[in-house]
Peer 1: 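Next up is a structure, given as structure tokens.
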Amino acid sequence: MVKFAFILAFSGLAFQVNGQDDEILASGKVLDATTHKGIEAHIRYSSMPTGSINGKFIDSTFSFPIFGVARYQITAEAKGYNPRTIILDPNESNPAKKVTRNIVLTPTGEAIRLSHLIFAQGKAIIEPQSYQELDGVVQMMKDNSKMEIQLEGHTDNLGDAK
């Protein structure tokens, strides 16, 4: 844990702010959904909600430090693939202060599979662990306003048929 202090100056007034700065390493790979091989992609990241911290890569991997509690939006785009946005939350870091999330790209024209859309059993309530993936879908829709979506799903055979 690194301690820091900085001074903010507004209209001749100075304020000292003391705090703690927890650096967390965000990293991952951009992978093909079918082959699971790395794909060279244009990767952009920015802090949420302001976007004040941002950067970009052209590679099949990414790694950058994140600070504090801000979530980060990471988007990967590659020729011949649907773009994909994920939301990275520093609260998911492991004890070594690392968060690893891969971005899986689906070839253009193929269905994008949401693997973490979980409902409470026997109810039409989406479980909180699904929110992060849904946030990524929302961002992808915002970034691609002409995108057409066909939503399909299935259920299990547990519970009362009523």
Side-chain angles (χ1 to χ4, degrees), residues 1-6 17-121 125-145 147 149-154 156:
M1 201 176 284
V2 178
K3 299 206 182 222
F4 68 93
F6 60 93
V17 180
N18 292 311
Q20 295 179 350
D21 185 13
D22 292 332
E23 180 179 321
I24 297 170
L25 183 65
S27 63
K29 299 174 184 175
V30 180
L31 303 171
D32 180 287
T34 306
T35 66
H36 301 289
K37 292 185 179 180
I39 302 169
E40 186 174 281
H42 291 265
I43 304 165
R44 300 184 319 273
Y45 68 89
S46 63
S47 58
M48 295 175 66
T50 63
S52 60
I53 301 171
N54 57 69
K56 41 184 153 172
F57 303 94
I58 299 178
D59 204 342
S60 61
T61 63
F62 60 90
S63 179
F64 58 92
I66 59 177
F67 304 94
V69 296
R71 296 186 324 155
Y72 282 72
Q73 168 185 310
I74 307 170
T75 301
E77 297 176 308
K79 186 175 182 176
Y81 291 88
N82 294 310
R84 183 85 188 248
T85 299
I86 63 168
I87 308 298
L88 193 138
D89 189 337
N91 292 322
E92 296 175 351
S93 68
N94 63 25
K97 296 288 184 188
K98 295 181 180 179
V99 179
T100 302
R101 289 276 312 273
N102 294 332
I103 302 174
V104 179
L105 297 184
T106 305
T108 304
E110 290 188 20
I112 298 173
R113 183 180 192 98
L114 302 180
S115 57
H116 292 88
L117 185 53
I118 311 297
F119 286 84
Q121 188 172 359
I125 299 170
I126 297 173
E127 294 286 349
Q129 65 261 33
S130 301
Y131 297 167
Q132 185 173 21
E133 187 161 42
L134 290 172
D135 287 345
V137 172
V138 169
Q139 191 59 49
M140 185 171 50
M141 292 169 63
K142 286 179 180 178
D143 292 344
N144 303 285
S145 61
M147 176 182 284
I149 294 180
Q150 177 180 337
L151 184 61
E152 296 178 2
H154 69 276
D156 59 30

Peer 1: Can you name the closest pair of heavy atoms from Leu25 and Ser63 and give their distance?
Peer 2: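 So the two residues come closest at CD1-OG, 3.3 Å.
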Peer 1: To the nearest 0.5 angstrom, please state how far the OG atom of Ser60 sits from the CG atom of Leu105.
Peer 2: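 Those atoms lie 11.0 Å apart.
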Peer 1: Sub-3.5 Å donor-acceptor pair from the side chain of Arg101 to the main-chain atoms of Ile87, do we have one?
Peer 2: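 Yes; at least one donor-acceptor contact below 3.5 Å.
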Peer 1: To the nearest 0.5 Å, tell me how far Ile66 CD1 sits from Glu23 CD.
Peer 2: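 That separation rounds to 9.5 Å.
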Peer 1: Mark yes or no for whether Thr106, through its side chain, and Asn82, through its backbone, hold a donor-acceptor pair below 3.5 Å.
Peer 2: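 No, Thr106 side chain to Asn82 backbone: no donor-acceptor pair under 3.5 Å.
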Peer 1: What distance do Leu88 atom CG and Ile24 atom CD1 have between them, rounded to the nearest 0.5 Å?
Peer 2: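 The CG atom of Leu88 sits 9.0 Å away from the CD1 atom of Ile24.
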Peer 1: Looking at every heavy atom in both Thr100 and Gly28, which two are closest together, and how far apart are they?
Peer 2: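 Reported closest heavy-atom pair: CG2-CA, 4.5 Å.
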Peer 1: Keeping to residues at least two apart or across chains, list the salt bridge (charged side-chain N to carboxylate O under 4.0 Å, His left out) pairs with something in residues 52-65.
Peer 2: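 Matches after skipping sequence neighbours: none remain.
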Peer 1: So which heavy atom on Arg71 is nearest to which on Pro90, and how close?
Peer 2: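 The pair with the smallest heavy-atom distance is CA-CD, 4.0 Å.
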Peer 1: Atom CD1 in Ile103, atom CD1 in Ile86: separation rounded to 0.5 Å?
Peer 2: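 Nearest 0.5 Å value for the CD1-CD1 distance: 4.0 Å.
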Peer 1: Out of curiosity, Tyr72 OH to Ser46 OG, how far, rounded to the nearest 0.5 Å?
Peer 2: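 Output value for this atom pair is 9.0 Å.
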Peer 1: With a 3.5 Å distance limit and no angle check, can you tell me whether Ser93 reaches the backbone of Val99 through a side-chain donor-acceptor pair?
Peer 2: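 Between the backbone of Val99 and the side chain of Ser93 there is no qualifying donor-acceptor contact (under 3.5 Å).
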Peer 1: Under the criterion ring-ring contact (aromatic ring centres under 6.0 Å, His included), I'd like the reasoning laid out for Phe64 against Tyr45: C-alpha separation, chi angles, the key distance, then a yes or no.
Peer 2: CA-CA 9 Å; Phe64 58 92; Tyr45 68 89; 3.6 Å; yes
Peer 1: Is the side chain of Asn102 donor-acceptor paired with the backbone N or O of Lys29 at a distance under 3.5 Å, no angle test?
Peer 2: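 Pair found, side chain donor or acceptor close to backbone of Lys29.
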Peer 1: Using 0.5 Å steps for rounding, measure from the CD1 atom of Ile39 to the CG atom of Leu31.
Peer 2: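 Output value for this atom pair is 7.0 Å.
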